[in-house]
Amino acid sequence: NAGVMQNPRHLVRRRGQEARLRCSPMKGHSHVYWYRQLPEEGLKFMVYLQKENIIDESGMPKERFSAEFPKEGPSILRIQQVVRGDSAAYFCASSLLRGNEQFFGPGTRLTVL
Amino acid sequence: AQTVTQSQPEMSVQEAETVTLSCTYDTSESDYYLFWYKQPPSRQMILVIRQEAYKQQNATENRFSVNFQKAAKSFSLKISDSQLGDAAMYFCAYRVVGSTGNQFYFGTGTSLTVIP
């Protein structure tokens, strides 16, 4: 049973471009969480999704950031018009049910030039 | 407010010795989980140990153990017989049981160096 997969592992974008980060949860898991880790900081919650629904997006910046988890395919975290301050490691985690253990993916390191 | 505080940005320990990493948290919830995660240079988040708040007995995983003081909202990690492979960032985290969000709250981390 493969773990949580994230791709790409490293992503470089120029200011103003779009970044798309993908997360494939563990097999059978329908709950996905996105976290952001800025340099020298701990992980901060961004958004919690269940298949086709956003459950909690209280940690998402109000502009430029969006997330989806379609019925088929991976969860996508999309950052439009990236700025240097978006440079960070983005982790996703998945769980089988809402209250269950969350398993983390390896993260995507986004660098904005 | 849900906060996790790790007051030691950096710690070092001699190989084979014991080190304790501190963590305090603040929550008004009564039912929650506490965790310690290890993040090596690969940046993978590796679960080290977890504790259910309703359990009085301190969790133990091989060389890793915790000192959970619920009234003081303290959750320290003790690493015994430290090994070179223990060198990493360590994050304390907690997660409320049954909340709508179910998300983790992480501290800012403690960087552990193991001296050969």
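If you're wondering where the values come from, they're calculated on a predicted model, not measured in any experiment. Just the heavy atoms: all of them, side chains too, but no hydrogens, waters or symmetry mates, feed the values below. Residue numbers start from 1 in every chain, and the chains themselves are labelled A, B, ... in the order their sequence lines are given, proteins ahead of strands.
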Give the intermediate values and the outcome of side chain to side chain contact (heavy atoms under 4.5 Å, CB included) for residues Gln102(A) and Arg95(B).
-> CA-CA 10 Å; Gln102(A) 293 180 28; Arg95(B) 178 165 63 87; 3.6 Å; yes

With Pro106(A) as reference, evaluate Arg43(B), Met45(B), Gln44(B) under the side-chain contact (heavy atoms from CB on, under 4.5 Å) test and give the passing residue.
-> Gln44(B)

What do you reckon, is CZ of Arg15(A) surrounded by more than 12 foreign heavy atoms closer than 6.0 Å?
-> no

May I have the list of side-chain donor-acceptor pairs in residues 71-83 of chain A shorter than 3.5 Å, sequence neighbours left out?
residue  : atom : partner  : partner atom : Å
Ser75(A) : OG   : Trp34(A) : NE1          : 3.0
Ser75(A) : OG   : Glu68(A) : O            : 2.9
Arg78(A) : NE   : Glu18(A) : OE1          : 2.9
Arg78(A) : NH2  : Glu18(A) : OE1          : 3.0

Treat each ILVMFWY residue as a node, draw an edge where side-chain heavy atoms are under 4.5 Å apart, and state whether Leu21(B) and Val13(B) are in one component.
-> yes

So, the part of Tyr35(A) with a heavy atom under 4.5 Å from chain B: the answer is side chain

Is Met60(A) atom CE crowded by more than 12 heavy atoms from other residues, nucleotides or ligands, each under 6.0 Å away?
-> yes

Give, as side chain, backbone, both or neither, the part of Tyr105(B) having an atom under 4.5 angstrom from any heavy atom of chain A.
-> neither

Hey, could you give me the CD/CZ distance between Glu101(A) and Phe35(B), rounded to the nearest 0.5 Å?
-> 5.0 Å

Most heavy-atom pairs under 4.5 Å with chain B, out of Gln37(A), Lys44(A), Glu41(A), belong to Gln37(A)

Enter the distance from Glu40(A):CD to Ser111(B):OG here, rounded to the nearest 0.5 Å.
-> 9.0 Å

For Gln39(B), is it the side chain, the backbone, both or neither that has a heavy atom under 4.5 Å from a heavy atom of chain A?
-> side chain

Once the angle between the rings of Phe104(B) and Phe104(A) is folded into 0 to 90°, is it parallel (under 30°), tilted (30 to 60°) or perpendicular (over 60°)?
-> tilted

What do you reckon, is NZ of Lys73(B) surrounded by more than 12 foreign heavy atoms closer than 6.0 Å?
-> yes

Taking atom CZ of Arg50(B) as the centre, report whether more than 12 heavy atoms of other residues, nucleotides or ligands fall under 6.0 Å from it.
-> yes

Going hydrophobic residue to hydrophobic residue with side-chain gaps under 4.5 angstrom, can you get from Val112(A) over to Leu11(A)?
-> yes

